[in-house]
Each structure stands twice: as structure tokens, then as C-alpha cells.
Amino acid sequence: MVIFEPKIEDMKFEVNAFDGNSEARAGIIETGHGPIKTPIFMPVGTVGSVKGVNQRDLITDVKAQIILGNTYHLFLRPGIETLELAGGLHKFISWDKPILTDSGGYQVFSLAENRKLKEDGAHFSSHIDGSKHIFTPENVVDIQRVIGADIVMAFDECTPFPCDYSYAKKSMQLTHRWLARGIKRFDETEPLYGYKQTYFPIVQGSVYKDLRIESANTIASFDRDGYAIGGLSVGEPVEEMYDMIEVVNEILPKNKPRYLMGVGTPVNILEGIARGVDMFDCVMPTRNGRNGMLFTRDGIINIKNVKWKNDFTPIEKNGASFVDEKFSKAYLRHLIVSKEILGAQIASLHNLSFYLWLVTEARNRIVDGSFAVWKSEMVQKLAVRL
RNA sequence: GGGGAGAUACCAAAGUGGCCAACUGGGGCAGACUGUAAAUCUGCUGGCGCACGCCUUCGUAGGUUCGAAUCCUGCUCUCCCCA
């Protein structure tokens, strides 16, 4: 059981250091569940579980500072009644560090078959039992109040790629109208569990520069504790993604954390940091890990490949997780190939630890002034296929 | 000793005259995965060229036929039942 009592306090963001050569900065976000040192990577725990990694290892080994939950999935299972009876998601899953919940906007996009977008909200059928539901900017706030997320995400439409200009524009405008409604509801309601929650708006606009500028200006006009960039890493070329980040971060307040939703590869993250992004999340370290892809400082390993069959060297020499020295590549390959649960667990632990090492190291480099050189070296190495 | 069933590619298992280099599953090899309906999905898996094609395969040796994994005969082996 959780025995701590979170304090009520305003969320604060303080920038501790700027890189100088890029837009990168190192900061700290104060929440009711403790500080988050940025730049940060947030492991994804969709249904109240970072797949394959338990809460203790998440803290002691991965060194996660904040994790994600998903409104859509938690709403369907276990449901808000259970979450409220549990006293919120933190208590339910026994996690006393910050939680950010995605609003379900991405699910509305990815579960396209059964959704219908209307002015009032998104109408959809549950992928579990087919039951019909409506998500509105207001009830998604209400649900996230019950979940008790420290950071509540706005309800948006995440446009697919490719997406023609007129649809992207209409969608963005809808997202903006939903934003105003969501903020209104949020500001009219109180947290249920005694600690501060905050609400992040989301920039949309697909890959269109003028739409991104308009969207960034619109959301920046609302004074919030942080801002998110959505609708990227959905299949567009990475250069377009980087361009959009630059355009948007030009406008978003410098003194507030910026969250690039759903990104990405280790290289994407370093490029994002260099462009002034502070927060990232992605399923890649866990999902790809379960499927045998390992991210290391020297590049990417497909541990299923036969070339590792008799390689008894450590998973990663001097790696960030205890599993790196404890187990050999040959053993991990055997586990993954044999579809052993432990293989997925070790790979997830390794990848998440590596991601957290990466952002922590980036922060240290920003602070000591060596970020630029280090980043360009790392970007070369990280994409190598070993 | 008597009766019955069967031998197909790495394994299992379809196919019973041409559309069969041979369904399907497993295994093997490779690839994909970016706000998680994913411990998932895709491709390849006889040889050579790798598009088209050519060559060698369905226990084994013959035979019938324009044509056989598929029909006939001998042989070898395996399994089951009864003594």
C-alpha cells in the first residue's frame, strides 16, 4: 500500500540551464507527487501497467520519474467506479510518483473503424464489448479527475498522415474549440484527492507550417502549466516532424514545459531535446523490446537474429540496468525466441533503463555545457544496426 | 501365424491422373513496430538463376499413360488388432 500523503502545491517549472548552442534546456517540474527533472522520458503504462515492468523495478532500476496512463483504456477497464473507490490511479496501482494521462484522442484516431467525430465529441464503440460511448472535452476532464492524473491532457483529434490541408485545418479548429471547453470544465472543477492537477493543451495542424503556427498561438493564448505537441510521429518523414517542432517551439512559452507526444526513437528524442522539447513518451522501448529490438548506446540490436545465438557477452557492457551485465545476449535471444515472458521483461527493463539513461545524460550534458558535441556523436551511433 | 493401416519437404499434416515444387500449422530465417485493441503483424523457407525460367523431389525398383505424389506390380520399412 501507498503510505505517502501528497502535498497540495502549484505545479512549477523552473529552467536550470540552457544549452546555448541549441534550444535544449534542463529544468525541473514540481508536482504534487514530487519533482520531474527534464528533459524526461515517460514510460507508457496504458492500462495502469508499464507492460512487463513492475512498479518497484520502474523506480529502482529504470529510474522512471513519471509514467503515463490512458483515459480511454482505463475508462473501459477497470472503469471509473473502481478507480474512484480505489482512491485514484496512484493508489490503485501503488505508484506514488507523477502520472500523466492521455485523453483518448489518440485512441479516437487509431480505433478509426467505430468512431464518429461530432461537434460535441467523439462517439465510439468499445473495442472490448462493443458498448457505445461518447467522449467530450468535458467528460474526459471528469474522468481524468477521477483517475487523479497529475497532468491531464486535453481531448484532441490526432490527425493521421497523410492528411489533406482542409481536413487538417478543420480538425485543428475542432481541437481548439474542444480545448476551450475542456479548460472551462477543468477550471470549474476541483481535484478529488488533495493534490494539484494540471491541464496541458495540445498543438495540432498536421505537417502544415501555417496551421502549426496558428495552433501554437491559439493554445499559447491559454495560460497553462505546460503545452503539448501532438499529431506527429504518425508516419510523416522525420524531417517534417523536426520542422514542425521548430515552428511550434518558436511560439510556445519558453518558461513552460513542452511535451512531444508519442515520440520516439532515441535519435528522435535527442533531436527533440535540441529543439526545446522537455517531455517525451513512446511505446517503442516496451513494445519493440517485447519484439526483440534493443536500444543501446552503440546502436540497435535485433536480438532475434541468429548472429547472437552463441554470443555470451553481456546484453550491454556497463548498461544502465542490472539486466545488462547479469544476462548474456545469447540468453536473452533464447528467451525472446522461445517466447518466454522473462525475455519480454528483460528487454523492456533494458530499453526503458536505456531511455531514462539517455535523457538523464542529456540533462547532465546540458548542465555542464557539453550537450552539442555529445548529441551529434550519439545521433551517429544510436541509429546503427548492430 | 492371421487380419488391417500407412510411408509426402526440417517436423506434423493435406493432396488420390494434368490447375503440384506440392494446402495448412509448427520450426527456421529476415523485416515491421513512434500520445499500446500488439508477448503482435508481414515476407521468405528444394536447387540454380532468384522477373520469366530451368533442374531434381512425394519410401524404393519397375510399369501403365501424351502426362503420376496420385493408377498397377515387386521390394523395404513402420504402426494397429487378433492369436
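Just so we're on the same page: letters track the sequence lines, and every chain starts at 1. Just so you know, these numbers come straight off a predicted model, no measurement behind them.
- Counting to the nearest Å, the C1' atom of B:rU36 and the CE atom of A:M42 are 15 Å from each other.
- Contact annotation: A:N70 reaches the phosphate of B:rU36 (side-chain N/O to OP1 or OP2, under 4.0 Å).
- Across the C1' atoms, B:rA9 and B:rG27 are found 13 Å apart, a figure rounded to whole Å.
- Side-chain nitrogen and oxygen atoms of A:N288 include none within less than 4.0 Å of the OP1 or OP2 phosphate oxygen of B:rA38.
- Side-chain atoms of A:D298 and A:T296 include no donor-acceptor pair closer than 3.5 Å.
- Between B:rC58 and B:rA7, the distance separating the two P atoms is 14 Å to the nearest Å.
- When heavy atoms are screened at a 4.0 angstrom cut-off, A:Q345 is found touching no nucleic acid atom at all.
- A gap of 33 Å separates the C1' atoms of B:rU64 and B:rC80, to the nearest Å.
- Place A:E340 and A:M293 on RNA chain B by their nearest nucleotides, and A:M293 ends up nearer the 5' end.
- The nearest whole Å value for the distance from the CG atom in A:L232 to the C1' atom in B:rG35 is 11 Å.
- Here B:rU40 sits opposite B:rA32 as a Watson-Crick or G-U wobble pair (both hydrogen-bonding atom distances under 3.5 Å).
- Base pairing annotation: B:rG67 forms no Watson-Crick or G-U wobble pair, as no partner gives both donor-acceptor distances under 3.5 Å.
- When the P atom is used for both B:rC79 and B:rU45, the distance is 35 Å, rounded to whole Å.
- Contact annotation: A:R115 does not reach the phosphate of B:rA37 (side-chain N/O to OP1 or OP2, under 4.0 Å).
- In this pair, A:H350 and A:F354 present their aromatic rings parallel. The plane angle is below 30°, not in the 30 to 60° band.
- Per the geometry, NZ belonging to A:K309 stands 7 Å off P belonging to B:rC29, to the nearest Å.
- Checked by distance alone, A:N302 brings no side-chain donor or acceptor within 3.5 Å of a matching partner on the base of B:rG31.
- At a threshold of 4.0 angstrom between heavy atoms, the contacts of A:N268 include nucleobase atoms, whether or not backbone atoms are also involved.
- The distance between atom CG of A:L352 and atom P of B:rU36, rounded to the nearest whole Å, is 14 Å.
- The side chain of A:T265 has B:rU34 as its nearest neighbour among B:rA38, B:rU40, B:rU34.
- Between B:rG63 and B:rG17, the two C1' atoms lie 15 Å apart (nearest whole Å).
- Atom CD1 in A:I336 sits roughly 17 Å away from atom P in B:rC33 (whole-Å rounding).
- Here the side chain of A:D281 is nearest to one of B:rA30, B:rG35, B:rU36, namely B:rG35.
- With a cut-off of 3.5 Å on both Watson-Crick or G-U wobble distances, the partner of B:rC19 is given as none.
- Note on A:G231: a base of the nucleic acid sits closer than 4.0 angstrom, heavy atoms only.
- With respect to A:R177 and A:E119, a salt bridge is recorded, a charged nitrogen being found less than 4.0 Å from a carboxylate O.
- B:rC41 and B:rC48 have their C1' atoms separated by 32 Å, with the value rounded to a whole Å.
- Using a cutoff of 4.0 Å between basic side-chain nitrogens and carboxylate oxygens, A:E23 and A:R275 are not scored as salt-bridged.
- Look at B:rC10: its Watson-Crick or wobble partner, with both distances under 3.5 angstrom, is B:rG26.
- Minimum atom distance to the side chain of A:S233 is reached by B:rU34, of the listed B:rG35, B:rC33, B:rU34.
- Checking the phosphate oxygens (OP1, OP2) of B:rU36, a side-chain nitrogen or oxygen of A:Q107 falls inside 4.0 Å.
- The side chain of A:K51 sits closest to B:rA39 out of B:rA39, B:rU34, B:rA30.
- Both distances falling under 3.5 Å, in either a Watson-Crick or a G-U wobble arrangement, place B:rG1 opposite B:rC82.
- Taking only distance into account, the side chain of A:S110 never meets the base of B:rU36 through a donor-acceptor pair shorter than 3.5 Å.
- Nearest to the side chain of A:T286, among B:rA30, B:rU36, B:rU34, sits B:rU36.
- Rounding to whole angstrom units, CD1 of residue A:I303 and P of B:rC29 are separated by 13 Å.
- By the 4.0 Å N-to-carboxylate-O rule, A:D19 lies too far from A:R363 to be salt-bridged with it.
- Looking at the side chain of A:V306, the nearest of the listed nucleotides B:rC29, B:rU34, B:rU36 is B:rC29.
- One atom, CZ of A:R287, and another, P of B:rC41, lie 12 Å apart when rounded to the nearest Å.
- Note on ring orientation: taking the six-membered ring where Trp is involved, the planes of A:F186 and A:Y199 are tilted (angle from 30° to 60°).
- For the P atoms, the distance from B:rA22 to B:rA69 is 12 Å, rounded to whole Å.
- Nucleotides B:rG15 and B:rU8 have their P atoms positioned 14 Å apart, rounded to a whole Å.
- Using a 4.0 Å heavy-atom cutoff across all strands shown, A:R385 reaches sugar-phosphate atoms only and no base atom.
- Ring-plane geometry between A:Y195 and A:H33 is classed as perpendicular, the angle between the planes exceeding 60 degrees on a 0 to 90 degree scale with a lower cut at 30.
- Distances were taken from every side-chain heavy atom of A:V337 (C-beta onward) to each of B:rG28, B:rA32, B:rU34; the shortest belongs to B:rG28.
- Atom CE in A:M284 sits roughly 18 Å away from atom P in B:rU40 (whole-Å rounding).
- No salt bridge links A:D324 with A:K317; every basic N to acidic carboxylate O contact stays at or beyond 4.0 Å.
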